[in-house]
Structure formats: structure tokens, C-alpha cells
Amino acid sequence: MAGFCDETIDGRSELNMSVTYIDAIHQAMEDLLRDDPRVFLYGQDISTFGGAFKATKGLSEMFPGRVLDSPISEDAMAGMAVGAALEGMRPIVEMQFADFSSIAFNQIVNHAATHFYRTGVAVPLTMRLPSGGTAGSGPFHSQSMESIYAHYPGVVVVTPATVADAYTMLVEAVNIDDPVIYCEHKFLYRWLKAKDFHGDGLSIGQARITRMGCHATVVAYSAMVHEAVKAAERLQKESGWEIEVVDLRSVKPLDIDTVLASVARTGRILAVGEAFPWGGVTAEVISRVVADGFHLLDAPPMRLNARDTPVPYHPRLWASHRPTSESICDSLKKLLSY
Amino acid sequence: MAGFCDETIDGRSELNMSVTYIDAIHQAMEDLLRDDPRVFLYGQDISTFGGAFKATKGLSEMFPGRVLDSPISEDAMAGMAVGAALEGMRPIVEMQFADFSSIAFNQIVNHAATHFYRTGVAVPLTMRLPSGGTAGSGPFHSQSMESIYAHYPGVVVVTPATVADAYTMLVEAVNIDDPVIYCEHKFLYRWLKAKDFHGDGLSIGQARITRMGCHATVVAYSAMVHEAVKAAERLQKESGWEIEVVDLRSVKPLDIDTVLASVARTGRILAVGEAFPWGGVTAEVISRVVADGFHLLDAPPMRLNARDTPVPYHPRLWASHRPTSESICDSLKKLLSY
Amino acid sequence: MENKLSSLYKAGKIVGGVYLGRGQEAVSAALGTALIPGRDIFAPLIRDQAGRTGFGEDLLDCARAYLGSALGPMRGRDGNIHRGRPAEGMLAMISHLGAAVSAVAGGLLARRLQGKLAGVVGATCIGDGATSTGAFHEGLNAAAVEKLPLVVIVADNQFAYSTPVTRQYACADLLDRAVGYGVKGHAVDGTDFLACAKVIGDAVRDARDGGGPQMVVARLLRLCGHGEHDDAFYVPDLVKAGHYGRDCLAVAEQQLVEAGIMSLQEIEAFRVQAAEEVQAAVAKAQQEPLPDPFQEEWQAFATKRLMEGAN
Amino acid sequence: MENKLSSLYKAGKIVGGVYLGRGQEAVSAALGTALIPGRDIFAPLIRDQAGRTGFGEDLLDCARAYLGSALGPMRGRDGNIHRGRPAEGMLAMISHLGAAVSAVAGGLLARRLQGKLAGVVGATCIGDGATSTGAFHEGLNAAAVEKLPLVVIVADNQFAYSTPVTRQYACADLLDRAVGYGVKGHAVDGTDFLACAKVIGDAVRDARDGGGPQMVVARLLRLCGHGEHDDAFYVPDLVKAGHYGRDCLAVAEQQLVEAGIMSLQEIEAFRVQAAEEVQAAVAKAQQEPLPDPFQEEWQAFATKRLMEGAN
Ligand SMILES: Cc1ncc(C[n+]2csc(CCOP(=O)(O)OP(=O)(O)O)c2C)c(N)n1
Ligand SMILES: Cc1ncc(C[n+]2csc(CCOP(=O)(O)OP(=O)(O)O)c2C)c(N)n1
Ligand SMILES: [Mg+2]
Ligand SMILES: [Mg+2]
């Protein structure tokens, strides 16, 4: 797994960086619909309108009858997907925002997630959750719910951070027999660009070393990978520290082996997540690392999460609520100075 | 905080052990209804029938009009409580089983939990969640959801493990201005007995040293405290190990200071929880301990949770799904032999 | 018709149930036998032993689930009323009431997308109490928007656990809800077996013929506690003594005899046969191995390579 | 009545909104002014600027929320349409549609328990789309069971975001749902201001007088996009040109003049006054400090001693 981060965010885009993260999501659905008759899309405003973020734009015309507008009924949307999956389909459900999946919570964690274990019959559905914060979105359009779903047995939770992953992991998600919660980050939709959708062949369940380094490991996922890379670049420029960045890619299953291998090289770990601080991905990562790699550590492992309040509406508050490259830098300096 | 565990489970009950854990819950509600006109109860089958577990038996006759049967509408039950709390009441909502609170999830985490931060106006409601596994209850009547709610800012999550805590923490919960998720363990309802409801004066947010020891710390909560104590007693008898048992009492806020002080004495920690293994209380405890008490540790911190499947129905499977005194013993032996 | 009888009687005789369908056998059997196994989708609820049998469920599935056999579809992982064979069109309910409505609708949507909807029906049963769930509302509404051949049988048995319908809904009749969803409503006396067979049969046929979702409200009384632990002390004697307090099995027996469909002897023979089949299933299940935690896979993912540590 | 007008016009003039109530001002204003500030409970939705003003909301609250002032009730923590003053009876909506229905019902239940329900009304607005939520169903049903004085105004504006009502519900008319909840239903042309004032006024009075929950279905058309980012290309020209495409503000103006209630000059004076008040509020809010992350408490608990590290 070599370094892999030839993508770039806003402002630094080059001429040949022509496809965006949301393009990748769109293309994956188009390819899936074209190649697999079992696939259909269900969600609010996804047909004529093309979805709140235009991820499905044009698909209802290309695939008539297979891109369906749903009522404002998240519970039923998920329940319909369960039933359709049981009858051999591969539904992709778009939640208008991840935050609204709270209404579908029961169907996801109690119906879809338990089904294979209980009955031996799999429920291959994919839920797309437009996740994470953007300026001005406030408490109900900014949430990161990966930790909630990952807590439950039976659901796969993926958190693509690159354009290529957005594409390949959605295709893979739909082809997996288990229910997959696909957390797509709204901040990355149009700002993250790449040359194309080609990935590096990793599959769900495998983390990636996004950036190699030897002094400390940052474990991140989704938008935070880019904040971590920025922080790493700054520390390198400013003080010559070499920070390794691990992109978890999927938070369940969690590829702790790759994380441990990195910590074996660096001796230091900072886990970064955009979700609320209690529990969640960073806690799971740290507690697995110390269970299996205690002896590898030269310093107390650190975490950096969002603050323990709802996501504030005002951009000035929001910018201080979630981790950023600056706060990651600060944490890393503390970690390195131990 | 001296040792405190003069309670006993099933089979070992003495003559003067006359009040049970569910009696404590019942008495707390009776006292609250009597002393505070703001209190009322809302839930399915809680009036004439006295609730699925009889926790409210007789209360509707004692307090006419203040113990109300609700429709099978968990979302509305929680939403009604939000509205009533805003108008100055102190509602106590009984979920028939914690598992059904998944339907109320949105109202709890997005409506009740965010309200004070957003508006400055508090939402003092209490949700009683009959939690945890009992033999034969299966995947939908056995869940432990404390980790789900604790992930969200703005909710207090308490997990009483003793008869006295069941009483005092419910009274305290209702008097707290924040929404409280009160996780009462069904296994303890009738098997856990005590002389009376008198507690030791701890309040929500303070953990308890249930049993003192010097060789290792077990951090647990709810029913698992008793499994931990049993394991500790066995290890003492069998091999002379002195195990300290910390009862978290509330998982949010989490009294990490008491845990750290214990780890400072013992150098070893095992965190035990009955919930699913990904994330959750044990991960939060361990990652906070290693962040602030790394230097205190003589061995890698360990966790023991339920297995990563739905809670199985058959008693034989169930007994192997959740941690027990036996599996805690096994883990402790490993921890001690490091 | 014999099919119906058989399921009806088997249902009346089933042993060991924790949640019984007493008083609801006529409704449930009428539905189960109006459906076509192998073609239709059926999501039974807790009081649908009769419907399950009518839909062709092997009594062994029931016996195994209740007795916790490691064989059978649930393998001890889930129990009793949660059993099902989803691959064969019989869903395995979760406890959360109302959740099955959208699942059945989704199954029908799948059939439509596959071009296999013609002549297919999806059905589920729900109690008066469960009509108060958001899941019921969202599911039925979504099915109505898609005009799917969904039949929802509302068994209004006057109580949800202990809660009387006066604390459950404020409309005069749950049938009044049908118009609000734009679905066809049917009322039936749930204690009248022949009426159930006719009305539910009609509803299923309407759905099968492209009439969109159907809602049948059957009026009856639960003739037992909510579960076996419940003596139903809260059901007033007057209610028990009323019209809906009659046993639909006895009514059915009389109806069949009077109509000349079956003789008392034939019915008795059925009863004996059913009892024997139940005995045989129970006896078999009892001898089967219990689930063994050490043999158990403890794996919630269907995709083996996703098991932790597998990469 | 002047009150109504004033709120109506202010609503038409408000600036900077992301989610506008264009086309719905008549309905919203009629509701807001039928309610009694300081006594009733009101949970406005995204298109209820007019109702808010009618209910007595200070324009400054609106300006502050939209401009992100650190002052005002939301202090930059939540914004625009989510603002409210729950301690004064105006709830602060969460985004999740339908959630307010049970909250208002709960507030009314509280009043009843406090013996203060007499003459009180709780009201909330909801769109055609949000009637598909389980929260709406559970909340309205629970309110009906408790016979609470809840008024639910359904603004059926033919679209939910881009989704036409044909993909939202299958009943002929959302009013058909009232009977299924056992609540009284009222229909009104939402573009007809005087009709709205009357019908909504009646519904509020019925609730206030002990008539239990009321459901008003107002038919209209959203005269803008869902949000300001949406050009509503999906609304067919024929619909825009139809009866409900007319601007209820213009209709109201004409109605008031024709009825001799106000002259054109008086209306114009109101308009100017309202515009000035809006300007003043905006100007004030613009000069106020923005929220400062370093001053921010970052504390979601109301109970100070529960703050982590506080014990
Ligand atoms: C969402 C949800 N809440 C609560 C329960 C607990 N519960 C199980 S059965 C039942 C009563 C159901 O009443 P009804 O729907 O009328 O069916 P009946 O038992 O009368 O056949 C309740 C409250 C549940 N299963 N699901
Ligand atoms: C539970 C939930 N799902 C999705 C959304 C996203 N959303 C916001 S407004 C809207 C459309 C609402 O339509 P309608 O209820 O008809 O009100 P209108 O906008 O037409 O006034 C949607 C889908 C939401 N806010 N809540
Ligand atoms: Mg019932
Ligand atoms: Mg609308």
C-alpha cells in the first residue's frame, strides 16, 4: 500500500483534475444501473430533480422506472429497501441528509442489520448518507452518524475520502450481500477533484496509508483525511516531522492491522474524527490499538473529535467545532513532544 | 468512596433483603409523584396494567390522571415529553423495552438533546429504558443502548447497578434539567435485593468503588458490576488476587477521575460492558484512560463486551453472548499474567 | 376450503405458544389460505399461527422455533413468533410493530421492477395498537403511492396488550383510515369464519387484480392475555360476554356443519389429524440438538471476507 | 384585523430568507393572528414568517437569526427558520419534519395537567410532504386520543421540495385523513385571505372551545423554489397559471379594499411602515457582534455540575 493522495481540494485544483467526489457517486450509480438489473434508486427528490445534491441528476431519464421519488418517509424508505433486497434487488436509498436517517434508524439497525444473523438470508441494501459538516448547515444538516451504525452488528459502514474511493466503494457496497451504510461527505462533493475514478484496488475492510511518515500516525477517515494531510504537510514544512496518515476507508469492518503496522513504525497515534466525542470511531481505534499494540507506543495515544455540542449553525462556531488542519497540528505537536 | 456492595443477587438473598431493584424504581416514581406536581408518567400499558414489568403498579390509582397509557407511538411519546418538559413538567416516559426506543431515537437525540444548546431552554425529561439481556428474550428485547445515546451531546445517560442507585438516580434524574436516559437492567429487576433504598450520597456523574483491590481494576456498569464482583470474589478465593471493581453509575457524564485513581493503584484495567463490541462505553473508558493515565498502566488495557451479533434468543447462546463472571475471570487472568 | 379448515384447526391446537392467536384464528386462517405460497409475500404477526399454517408453513418450523432446536430456519438465534422463511416469501418479523408493512411493500416493488408482479399479492397483519406506529403510516402510504398489491389486515381486537382502543385511537372505526391513504377498505366480523373467508378473499383478489392496496379491518376480541403471562384482568366481563367474545372456532364449526360443507365427524377427524401432526412435530423437535455456543459462528455478516481479521 | 394585515405585509417584505413562504402568507398570517401570544403554543414551520410575526415575534429575532448575530435567542448556534422562543410558547423547530406535532401536543398535555388548559390552543403548520412522516401520524393520533386543543394546518402546496403530491399520497384529498384520526377537518383555499382568516379562525376557536384537535387543509401553491437555491423548474406552467398560482397578497389587498376594510392608501402606508421596521431590524442585527468561538461555552448540558470534569 503505497502513498496515495493525488487528489486535491478546492483552490489547489489543477487543469486535469476534472472529476469530483460527487461525480464519482453519480458515475457509480449510473454504471450500477446500467450493468445490474437488480439495482434501483429510492429517495426523496431523486428523479426529475436529481436529488438535493444532484447526485442522481439525469439518471431517471436514462433508467426510466428505476429511480423513484419517495414520500418523506425515511422509515418506509429503509423498510422498502429491506423488502426489495429480500426479493433479489439491490436497492440504493438516498437519505436527503444523514441526519434524517435517524427516522430510519430502527429499520436499519433492527431490521436490516439483524436479518442475516437471525434467518441466514442476507439483506443487500445500500443507504447513501450525505454526511458531515459544511459552513452554515447547522445541527440537523451536518451530522456524522458512522459511529451510531457501526455500533450495531451486521452493518458495513464505509466512509470514502477520495474520489476514487467514492466510486469504487459505492460499486462494491452494492455488490456486498450485507447492508452497507455509505457515508459520503458533503464537504467533499464539489471541492474534491481528481483526474479520474481509478482506485488502487483496495476493497472494503482495508485501510490505506495515504501519506507515509515515521514520527507519528494520524488515523482518519472521510473529510478528516484531507485535514490530516494538510496538517502533515504543514508540520513537514515547518519542522520536518514526517507524519503518516492512515485513511480507514471503512469504519466497520475496521482494518486495525494496517493501523497497528503504522504505529509499529511511528510509535505514536492520533485518531481524528468529525463525529461527536463520546465513543465512536476514534475510541474504537484507540482502544484496539492499545489492546494489541500497547508495546508499540512511545506516547499516550490521542484523540481529536468534534466538540460535545450539537453542530453549530454559524460558520465561525462551526469552524471551531470540528477538527481542522490547525487543531490537528496542535494535537500532533503535543503528541510529538511527549 | 468506600466499598459498597451490600446487595445480593438471586439465590444468595438473606431474610432482611426485602426490597428489589424494581421496587426501588417503583418507589422513586411514587415519591416523585407525591412530592412534585410537575411529575407525570407516560408509557404503554403503565396505568391499569402497571407496565410490562409492573414498575408502575398501583400508581395510576394513587395518582389519578398522572399515569397515562400512551398509544404504541414511541416517537410521539418522546415528542410529547419534550413539549411537556418545555411547559414546566417533569415527564417520565417508560419505554416498554429499551429496544423500542429506536423509534423514539430522533426525538431523543435531535429534539430533546439539542434543545438546551440551541435555545438556552432546558428539556427536563426522563426516559426509562428497560435494558439488557435476560434468558430467552432474543434480539429485540435484550438491547443495551446506553452507548448510542451517550454519543450525542446533551443527554445524560445513567446505568444504575444497585437497588439504592435505582432509587436515588431516578429521583435525581427527574430533578436534573437535562434529558436523562435511565437504563434500568431487566435482569436485576427482581433478583437484586437490598435491605432498603438508602444510598451512599453519590450523585450522577460520580462513579463508585464497589469493591477495593490492588491488582487490577474492572470498570463496569449496570448488571455487569455484579458479574465483575463475582469474578473478583472467585479470583480472590482461588488465587488471592485483589480486584478493584469500579461501577461507573452514569456513562455520560463519565467519571474518569475515579477510574484513573483506581488504575493508579492497580496498574491494570479491564472495561466490561454488555453492549455490542464496536465503540461504546468500554472504548470510551479505555481511550480516556490511555490518554490521561498511560503512564499508570503496567499492562495493555483490556475490554470485554458482548459478541458482535444480535443478542441470540436461545438461553444457551445468550449465555455465551454477553460477558459473565466466567469470561471476566478469564480476561482478568490474562490481564494479570501480562 | 379443506385447506382452510385444516389450518384453522391446527392453529387451535398448537402447543407451547407464548403469544396465542385465540379469537383471531378465523381472520388469520382466511388470509393465510387466500394467499398463494411460492408466489405471494406474507408477513405474519404474533397471532398468526393459523395464517402461517394456511400459507404452508411446516409445523416443524413452529415446533423448532418454540423448542429452540438448532435445526430449522432460526437455529436458536431468534425464536418463536419471529420465525420465517424470507427466501420463500414468508418474512421473519422483528418485534418492532409496523416495520413489516414497508418491507412487504418493498418486496412487491421488487417484483414490479422484475416484471413479475402480475397476480402477486403481499399481505401483512397488524393489531389495533400497531396502527399507531409511524412505521404503519409510512409503509401503507408509500405502498399506496406505488399502488402496490398490498393487503393489510387490521385485527382490531379491542386491546393492545392492556390498552383499550379508547386510548389507542380517536376515530370511530379504524376503517375510516383507509380513505386517508387512498386504499380500499373492507370491514368484517372477525368471529364469523365464513365472512372472513369471503371478505378477506375479496380483498386479496382485488389486490391481485390490480386494485392497489387493500385494508381489511376485522372486529374481534383477543380471547387470551397478551402473552401467556397475562391473565387479561383488564378485559371487562361485559366485553367478554358480548358478541365478539364468542369463539370463532366454535362458530366456524357450526357454520361448516350448517352449510353442509363438513360433518361433525369430518371436523373431529381433522382435529385428531391436526393434533397428531402437532404431536409429531413437537416430538421431532424435542429430539433435535440445541444450539451450541461453541459451534456457533458468531458472525453477523453474510460476506465472509468482511469478518474482522479476514483481510 | 389590522394586526393580521400588518403581519401579512411584513411577511411579504421580509428579506434574506432562504426558505420563503411565498404563496402561503395568507394561511400563515391567519393562523398567527388567530393565536394568542403569551397563552397559546405555536410551532411554526419553514414557511411561517407571516404566522411568526402575527404571533408577535420581534422582527429582530428573525434578522438576528438570519444574520447570525450573537445576540437573540439562538446566538448563532442554530439559525434562520429554526429560531424560536420556547419559554414564551413559540417552539424552535428541528429540521426533522413532523417532530413538532407531538411536541405541541405535549405542551398542551402539560397545560392540562397544570389545570391551565382552559382557553388554550396549540398550533403547528405542516406541508403536504410532511404528512407522510411517522412523526406526524403518531403525534396527531396521540393528540386525538388525549382530545387536546391542537390545530394542525396542512399547507398542501402541491409540492414537497420537487416531489409532486402524486408521489406523496394517494388519497383524493389530505382532508380525508381527518376522519381517520377522529379530528375535525376544515378545507380552505389558501390563496383566499378572508377565507383563511375565517376557516382558520373557526378551527382555532373550535379547539379553544373544547372541540379537540382540528385539521385544516389549505390548498395553494408554493410560489417560489423550495429554498432560494431552487428555481422550481419542475412546477408545470399550467399549474403556475392556474387558480392557486395567484398571489395571496394581491388577493388580500383587493379583498380588503373591496370590503372597505382598508383603503389602498392605508395599505401602502402599512407596507412602508413594515418595510421600515424590517430595515431597522436588519440594520440593528448587522451591527451586532457575531458569535465568537472563544467566548462560546461549548456546553450542551443545562446542569452545570454535569459538565465533564466538574465533579
Ligand atoms: C414499536 C413497538 N412498541 C412496543 C412494542 C411492545 N408490544 C408488543 S405487542 C404490543 C401490543 C400490540 O397490540 P396490537 O397491535 O393491538 O396487537 P395485539 O397484541 O392486540 O394482537 C406491544 C405494545 C412493540 N412490539 N413494538
Ligand atoms: C424527516 C425529514 N426528511 C427530509 C427532510 C428534508 N426536507 C426538508 S423540507 C422538505 C420538503 C417538505 O415538503 P412539504 O412538507 O410539502 O413542505 P413545503 O416545503 O412544501 O412547505 C424535505 C424533504 C426533512 N426536513 N425531514
Ligand atoms: Mg390489539
Ligand atoms: Mg409542500
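Every chain is numbered from 1 and lettered A, B, ... according to where its sequence line falls, protein lines coming before strand lines.
A distance of 7.5 Å separates CD1 of Ile81(C) from CG of Leu45(C), quoted to the nearest 0.5 Å. Atom SG of Cys125(D) sits about 5.0 Å away from atom CG of Leu31(D), to the nearest 0.5 Å.
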Record all donor-acceptor atom pairs with a distance under 3.5 Å between chain D and chain C; write none if the list is empty.
{"unit_1": "Thr131(D)", "atom_1": "O", "unit_2": "His137(C)", "atom_2": "NE2", "d": "2.7"}
{"unit_1": "Ser132(D)", "atom_1": "OG", "unit_2": "Asn141(C)", "atom_2": "ND2", "d": "3.2"}
{"unit_1": "Gly134(D)", "atom_1": "N", "unit_2": "Glu138(C)", "atom_2": "OE2", "d": "2.6"}
{"unit_1": "His137(D)", "atom_1": "NE2", "unit_2": "Thr131(C)", "atom_2": "O", "d": "2.7"}
{"unit_1": "Glu138(D)", "atom_1": "OE2", "unit_2": "Gly134(C)", "atom_2": "N", "d": "2.6"}
{"unit_1": "Asn141(D)", "atom_1": "OD1", "unit_2": "Arg177(C)", "atom_2": "NH2", "d": "2.9"}
{"unit_1": "Asn141(D)", "atom_1": "ND2", "unit_2": "Ser132(C)", "atom_2": "OG", "d": "3.2"}
{"unit_1": "Asn141(D)", "atom_1": "ND2", "unit_2": "Gln168(C)", "atom_2": "O", "d": "2.9"}
{"unit_1": "Glu146(D)", "atom_1": "OE2", "unit_2": "Arg167(C)", "atom_2": "NH1", "d": "3.4"}
{"unit_1": "Glu146(D)", "atom_1": "OE2", "unit_2": "Arg167(C)", "atom_2": "NH2", "d": "2.5"}
{"unit_1": "Arg167(D)", "atom_1": "NH1", "unit_2": "Glu146(C)", "atom_2": "OE2", "d": "3.4"}
{"unit_1": "Arg167(D)", "atom_1": "NH2", "unit_2": "Glu146(C)", "atom_2": "OE2", "d": "2.5"}
{"unit_1": "Gln168(D)", "atom_1": "O", "unit_2": "Asn141(C)", "atom_2": "ND2", "d": "2.9"}
{"unit_1": "Arg177(D)", "atom_1": "NE", "unit_2": "Gly180(C)", "atom_2": "O", "d": "2.7"}
{"unit_1": "Arg177(D)", "atom_1": "NH2", "unit_2": "Asn141(C)", "atom_2": "OD1", "d": "2.9"}
{"unit_1": "Arg177(D)", "atom_1": "NH2", "unit_2": "Gly180(C)", "atom_2": "O", "d": "3.4"}
{"unit_1": "Gly180(D)", "atom_1": "O", "unit_2": "Arg177(C)", "atom_2": "NE", "d": "2.7"}
{"unit_1": "Gly180(D)", "atom_1": "O", "unit_2": "Arg177(C)", "atom_2": "NH2", "d": "3.4"}

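Between Pro149(C) and Leu108(C), the shortest heavy-atom contact is O-CD1, 3.5 Å. Ala203(D) and Val216(D) make their closest contact through CB-CG2, 3.5 Å (heavy atoms, listed as atom of the first residue, atom of the second, distance).
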Could you go through the side chain to side chain contact (heavy atoms under 4.5 Å, CB included) check for Phe42(C) and Val121(C) one step at a time? CA-CA 8 Å; Phe42(C) 180 35; Val121(C) 162; over 6 Å; no

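The side-chain heavy atoms of Met93(C) and Pro44(C), taken from C-beta on, include no pair separated by under 4.5 Å.
The candidate with the highest count of non-hydrogen atom pairs below 4.5 Å against chain D, out of Gly182(C), Gly134(C), Gly180(C), is Gly180(C).
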